[in-house]
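Values below: all heavy atoms of this structure, side chains included; hydrogens, waters and symmetry mates excluded. Letters go in sequence order (proteins before strands), and every chain restarts at 1. The structure displayed is predicted, hence computed values, not measured ones.
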There are 2 protein chains.
Amino acid sequence: MATIKDVAKAAGVSLSTASYAINGNRKISEATRAKVLEAAKQLNFQKNGWATDLKRSSTKTIALIVSDMSGPYYSELIRGVQEIAFENGYDLIACSSFGGNESTAIKFLKEKRVDGVIVSAHNLQDEPILESARKGFPIVVLDRHLKSDHIYNVLVDNEQGGYMATELLIKNGCKRIAYISNSSSSYDHKLRYKGYMQALNDYGYKSASNLNVNGKFTIDDGYRATKLLIAQRNLPDAIFYANDEMAVGGMQAFKESGIRVPEEISVIGFDDILLAEYMNPPLTTIRQPKYEVGSLAAHLILQLLDGKSIDHEYMLPTELVVRKSCLLRE
Amino acid sequence: MATIKDVAKAAGVSLSTASYAINGNRKISEATRAKVLEAAKQLNFQKNGWATDLKRSSTKTIALIVSDMSGPYYSELIRGVQEIAFENGYDLIACSSFGGNESTAIKFLKEKRVDGVIVSAHNLQDEPILESARKGFPIVVLDRHLKSDHIYNVLVDNEQGGYMATELLIKNGCKRIAYISNSSSSYDHKLRYKGYMQALNDYGYKSASNLNVNGKFTIDDGYRATKLLIAQRNLPDAIFYANDEMAVGGMQAFKESGIRVPEEISVIGFDDILLAEYMNPPLTTIRQPKYEVGSLAAHLILQLLDGKSIDHEYMLPTELVVRKSCLLRE
DNA sequence: ATGAAAGCGCTAACAG
DNA sequence: CTGTTAGCGCTTTCAT
């Protein structure tokens, strides 16, 4: 691949002249510029942006690390980050933490210099993140609580959400309310569970059943967990799933078994993914302000890059979205 | 931020020794290594991976460019690329072409050196892609036909898909079949349309109506286009939407207007996004082999990077997925 | 086993 | 207006 050196040689000018010409610096004469540009075209020259960044000591790009670039969950979040970054002349690149400590994510945290990083990946441990935080390299973490000088937290009030979900079920007249989650519960899921227990407690109920399956909060995991529950033949009258994807899987399982939602069992999810609205029946759920989380995170990074000093913790509320998957019993 | 230079100084060794120690080269004595590592820890040293890449002339990462990182469409595709890349020790980063010629995408094509690029973004013009193609920098394009020495195409047989969709409708007994798409039709959408017209022709039908809305193939655009069609009060008995998202919007419009799908009107989409299966009624559609496209693209990049010489064009078939949104009329 | 020095591709301060 | 030169942070050959 041709370098700027080759271009300079071909055009018969010095390195710097070539550089100036290519970057449109005005002190180069039209004639020379044309010569250089022509040579560049001939050689099919493309500049190596990382070399530029190296020189400039800034990449003008921020990285977003997600646990699964391909999941339905991240859509809105990404949009939030994207828009803010773009408006401010920053690039956004996303990479996944698929592969754990060997993952691209870790490399971006530790090696590939970007100006800032937003981390939303529960399958990443705390240490690599903590170790990566350093002055001049702002990190915003989204789904966990991490305290460190150079780490900032954007949190969603999962506990409140869990509480609201459970309370709705209770007020609807459900007596036996189960919670289905994942055994390797992440920070936010633990809080949802806490909210669930709190509500139960406040109203003098106790947990009907509390199923933790191994898995990754996917549709499939929800399906399997629910099948298990059905097989045990002692169905509660409502289930609070730790997230929408699991709820979707659950509803599928119920449909297959001829159990009607919400007539026979109420279902509530968490997140409000796109799918939720289109389910049959439409899924009642707790909405996370995903777009807001994303754009806030981007804003914070930008402010930090700007040398501003800001709070270390931000908490955003959740919102109950009532649709048709929960029955009002009398 | 501390550099390796600082570490070397702090440890009282030379630059090269520090580098060797940090990279685990065995010719460094245990004592020195320990000293260096200690200094690195003290200074919170993190190496700059781009500098390494610059030196090594390889980044071991491939970039995936998509038109909308946040859309529901790309999930499977990304997974396909991700898995293959990861298995082969490559990193994957995704960036969006949001912002057109100023976008991060263009920078990755032209400036930020990665080892290879996969492009799936209809909102990017041909030129920047063509201009970026050069020896030793493989580009695989997914949603368009682009001929150039260093560009490789992975295509899905959209025409066949369009044909199958239309044929199903015809065989189901629909007489008046409309096609709803986007005016700025991209390459693959044109082919879908061609398949549609071909089928109509083969069976001696003609197009009932052919609505092109301005927009971006989103749920919302489908909704608006359908509302328009409804307002015109001369509904066809089947609609072939250019993609699932538009079909979803269409079904929403029908529901609001009290028009029953499929009893009063049959609906078919294209892509088979996650949502399709969960619609009410479940959406009949044409499946694109998204995962396969992604993994094939990744494989190609890897082979090219390996110096192998391969075909320039690959065509994958589509598949009809019959669900409940099309009525069998007699 | 360790260090000096060249160089990856680029920019920019300085001199002319 | 153009060229010389130092240097961004790192690896690696070659000497010692």
Side-chain angles (χ1 to χ4, degrees), chain A residues 1-37 39-40 43-61 107-108 110-115 134-137, chain B residues 1-37 39-40 43-61 107-108 110-115 132 134 136-137:
Chain A
M1 278 193 249
T3 75
I4 199 170
K5 220 169 173 174
D6 304 320
V7 175
K9 196 176 298 170
V13 298
S14 82
L15 208 60
S16 53
T17 305
S19 171
Y20 285 136
I22 284 164
N23 292 311
N25 188 309
R26 35 188 58 255
K27 52 182 166 183
I28 299 298
S29 74
E30 265 317 317
T32 338
R33 181 198 314 295
K35 219 167 46 182
V36 173
L37 260 28
L43 295 171
N44 205 341
F45 166 75
Q46 305 280 54
K47 85 155 118 176
N48 180 331
W50 298 122
T52 306
D53 292 341
L54 183 57
K55 181 66 191 171
R56 293 238 172 97
S57 296
S58 147
T59 60
K60 278 275 187 181
T61 111
K107 283 190 199 147
F108 268 85
K110 314 196 82 135
E111 304 193 346
K112 305 292 182 179
R113 197 189 48 206
V114 284
D115 292 354
R134 51 196 187 270
K135 190 141 183 299
F137 185 54
Chain B
M1 278 192 249
T3 73
I4 199 171
K5 218 169 172 174
D6 303 321
V7 175
K9 196 176 298 172
V13 299
S14 82
L15 210 59
S16 50
T17 304
S19 171
Y20 285 136
I22 283 164
N23 292 310
N25 188 309
R26 36 188 59 254
K27 52 181 166 187
I28 300 297
S29 74
E30 265 317 317
T32 338
R33 182 199 314 293
K35 218 166 45 181
V36 172
L37 260 29
L43 294 170
N44 204 342
F45 166 75
Q46 304 282 54
K47 86 155 116 178
N48 180 331
W50 299 122
T52 305
D53 292 341
L54 184 57
K55 182 67 188 171
R56 292 238 173 95
S57 296
S58 149
T59 60
K60 276 277 188 181
T61 111
K107 283 190 201 146
F108 268 84
K110 315 195 80 135
E111 304 193 346
K112 304 292 183 181
R113 197 188 48 205
V114 285
D115 292 354
S132 306
R134 60 210 121 110
F137 185 55

Please figure out whether Ile4(A) or Thr17(B) has its closest DNA chain C nucleotide nearer the 5' end.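 Of the two residues, Thr17(B) wins.
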Start at the 5' end of DNA chain C and walk down; is the nucleotide closest to Thr32(B) or to Ser57(B) reached first?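 The residue closer to the strand's 5' end, by nearest nucleotide, is Thr32(B).
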Mind checking if Ser19(B) touches a base, just sugar-phosphate, or nothing, with heavy atoms under 4.0 Å?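 Since a base atom lies under 4.0 Å of Ser19(B), the category is base.
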Does Asp53(A) reach a base, just sugar-phosphate, or nothing at all? Heavy atoms under 4.0 Å.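 Here Asp53(A) touches no strand at all.
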Return the set of residues passing salt bridge (charged side-chain N to carboxylate O under 4.0 Å, His left out) with Arg33(B) (not counting sequence neighbours), or none when no residue passes.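 Per chain and number, Arg33(B) pairs via salt bridge (charged side-chain N to carboxylate O under 4.0 Å, His left out) with Glu30(B).
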Excluding sequence neighbours, so at least two apart, what forms salt bridge (charged side-chain N to carboxylate O under 4.0 Å, His left out) with Arg134(A)?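 Residues passing salt bridge (charged side-chain N to carboxylate O under 4.0 Å, His left out) with Arg134(A): none at all.
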With a strict under 4.0 Å distance from non-hydrogen atoms of chain A, what nucleotide opens and what nucleotide closes the contacted stretch of DNA chain D, reading 5' to 3'?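 The footprint of chain A covers dC1(D) to dG9(D).
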How long is the line joining CG of Asn23(A) and P of dA12(C), in whole Å?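 From Asn23(A) CG to dA12(C) P: 8 Å.
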Spacing between Lys55(A) atom NZ and dA13(C) atom P, to the nearest angstrom: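 Between P of dA13(C) and NZ of Lys55(A): 9 Å.
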For the student: nearest non-hydrogen atoms of [X] and [Y], plus distance:
X: Ser19(A); Y: Ile4(A); answer: CA-CD1, 3.4 Å
X: Tyr20(B); Y: Ile28(B); answer: CB-CG1, 3.5 Å
X: Val114(A); Y: Phe137(A); answer: O-CE1, 3.2 Å

Establish whether the base of dA4(C) is bridged to the side chain of Ser16(B) by a donor-acceptor pair shorter than 3.5 Å.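 It does, because a donor-acceptor pair links the side chain of Ser16(B) to the base of dA4(C) below 3.5 Å.
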List for me each residue that meets side-chain hydrogen bond (donor to acceptor under 3.5 Å, both in side chains) alongside Asp115(A), sequence neighbours excluded, and say none if there are none.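 Partners of Asp115(A) under the side-chain hydrogen bond (donor to acceptor under 3.5 Å, both in side chains) test: Ser58(A), Thr59(A).
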Which residues pass the side-chain hydrogen bond (donor to acceptor under 3.5 Å, both in side chains) test with Thr52(A), not counting sequence neighbours?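 Not a single residue meets the side-chain hydrogen bond (donor to acceptor under 3.5 Å, both in side chains) criterion with Thr52(A).
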At under 4.0 Å, does any side-chain N or O of Arg113(B) touch on OP1 or OP2 of dC8(C)?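 So the side chain of Arg113(B) is outside the cut-off, no N or O lying under 4.0 Å from OP1 or OP2 of dC8(C).
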Sub-3.5 Å donor-acceptor pair from the side chain of Asn23(B) to the main-chain atoms of Asn25(B), do we have one?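 Not at all, since once roles are kept as given, no pair shorter than 3.5 Å links the two residues.
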Keeping Trp50(A) on the side-chain end and Arg113(B) on the backbone end, is there a donor-acceptor pair under 3.5 Å?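 Yes; judged by distance alone, with no hydrogens or angles, the pair exists.
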[atom1]-[atom2] distance between [X] and [Y], expressed to the nearest 0.5 angstrom:
X: Glu111(A); Y: Asp53(B); atom1: CD; atom2: CG; answer: 8.5 Å
X: Met1(B); Y: Lys47(B); atom1: CE; atom2: NZ; answer: 16.0 Å
X: Thr61(B); Y: Lys112(A); atom1: OG1; atom2: NZ; answer: 6.5 Å

Of all of residues 43-50 of chain B, which get a heavy atom below 4.0 angstrom from DNA chain C, listed by number?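 Heavy-atom cutoff 4.0 Å gives no residues at all.
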Does anything in residues 5-15 of chain B reach DNA chain C, meaning a heavy atom under 4.0 Å, and if so which residues?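 Listed by number, they are Val13(B), Ser14(B).
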How bent is the helix from dA1(C)-dT16(D) to dG16(C)-dC1(D), comparing axes over its five end pairs at each side, to the nearest 10°?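 It comes to 50° between the two terminal axes.
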Residues in side chain to side chain contact (heavy atoms under 4.5 Å, CB included) contact with [X], at least two apart in sequence or another chain:
X: Leu43(A); result: Ala2(A), Asp6(A), Val7(A), Ala10(A)
X: Lys135(A); result: His150(A)
X: Ser132(B); result: Gln46(A), Leu109(B), Lys110(B), Ile139(B)

Residue Lys9(A) excluded, over 12 heavy atoms near NZ under 6.0 Å: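 Not more than 12 within 6.0 Å, no.
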For nucleotides 14-16 of chain C, print each protein N/O atom paired with a nucleotide N/O atom at under 3.5 Å, atom names and distance only.
none

